[in-house]
Amino acid sequence: MEASVRNPVHFHDLHPAPADMRAEVLAGLALPQKRIAPKFFYDAEGSRLFDAICELPEYYPTRTEIGILRRHGAEMASRLGREALLVELGSGSSLKIRVLLEALRPAVYMPVDISREHLLQSAEALAAAFPALQVHAVCADYSAPFSLPVDDHEHPRAAFFPGSSVGNFEPADAERFLRRVGELLGPDGRLLIGVDLVKDPALLEAAYNDADGVTAAFNLNLLSRINRELGADFQRDAFRHHAFFNRELSRIEMHLVSTRPQRVRVAGQDIDFRAGERIHTECSYKYSIDGFQSLGRRAGFEPDRVWTDEDSLFSVHCLTCSG
Ligand code: AVJ
């Protein structure tokens, strides 16, 4: 507590509307191609499994991105400008930003996350570790429009969006999302964003089909969560994890495949599955450097710099908002 007195966190609750999981899941399961949005992966167990995925030998994105941030942090800092107002979208545990804070030395750090508890805990820990840093924690859904809850125009603005989370959006939605980030930043604002790259499909597919089955457990946990929270009777062992690289659309797709014909009761409704029928649970788009820069341009940004690892597995882009 003493630490939070020394460097208090300013908390701004924008009261994000909680997802209506029942309505969204039932609507998705009523579609000809059944689907459930990946945001529903992250209950307590799903978040724990995702953290375990990030440690897997096959899952290269996390460690590769951290390596790029460590190696090029000083240069990134010079591109973003000193004394910035730095917004992190979907800050989670704020682990990656720690790698950059020493080099970046922003005046204000503004983590934005929908998970109130997690946001506050991480923000308090960060404020204690960086006593000179002004921390403004914002509880908001970054995938919906919002504005920054501070009247600050003295610091140059920057946004940090690591982890290739942008890959979860359909490209048209990614473009809309980036355009809104540009509106938060204003002219000359900088965006630092991690983007997973297209590569040998065997490497991509291994990252989503790890030998220990952690990704399979992460995918199947969705069914356990729905059973518990919506009242459903999915049998986990009647579904299997399926992940593959769709080359035409340049994306990893994750599905849950019904291993037999079955009827499942979900929130008072009967849902029928044919043998082999799938629920599409996630897309993870992979970009080329040019391809992502074009997307940035369409969204009102000008590419500034891009950094990659020596095997070109992952990229971190700095883009400037054209205003
Ligand atoms: C958090 C969306 C970046 O797409 O790689 C990892 C999620 N899914 N393994 C990704 C995920 C399965 C991850 N993102």
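Each ligand, and each atom within it, is numbered from 1 in the order the structure gives. Just so it is clear, the model here is predicted, and its values are computed rather than measured.
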What protein heavy atom sits nearest [atom], and how far away is it?
atom                    : result
atom 3 (C) of ligand 1  : Gly163 O, 3.1 Å
atom 11 (C) of ligand 1 : Glu282 OE1, 3.5 Å
atom 4 (O) of ligand 1  : Ser284 OG, 2.7 Å

Review point. When you look for heavy atoms under 4.0 Å from ligand 1, do you find them on the side chain of Tyr59, its backbone, both, or neither?
Key: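 Under 4.0 Å from ligand 1, Tyr59 contributes side-chain atoms alone.
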Check your understanding: Out of Asn168, Asp196, Asp210, who gets a non-hydrogen atom closest to atom 2 (C) of ligand 1?
Key ->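 Shortest heavy-atom distance from atom 2 (C) of ligand 1: Asn168.
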Practice item. Give the numbers and elements of all ligand 1 atoms closer than 4.0 Å to a heavy atom of Ser164. Key: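 In order of number, 3 (C).
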Please confirm whether the ring centroid of [X] lies under 6.0 Å from the ring centroid of [Y].
X      : Y      : result
Phe234 : Phe239 : yes
Tyr142 : Phe161 : yes
His241 : Tyr208 : no

Review point. Any N or O on Tyr208 sitting closer than 3.5 Å to an N or O of ligand 1?
Key: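 Yes, there is a polar N/O contact under 3.5 Å.
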Practice item. Mark yes when over 12 heavy atoms from residues, nucleotides or ligands other than Arg70 sit less than 6.0 Å from its CZ; otherwise mark no. Key: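 Not buried by this count: 12 neighbours or fewer within 6.0 Å.
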Exercise for review: Can you label the angle between the His255 ring and the Phe244 ring as parallel, tilted or perpendicular, going by 30° and 60°?
Suggested key: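 Answer is parallel, since the angle falls under 30°.
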Practice item. Flag the pair Glu302 and Arg297 as a salt bridge only when some basic side-chain nitrogen lies within less than 4.0 angstrom of an acidic carboxylate oxygen. Key: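 Salt bridge present between Glu302 and Arg297.
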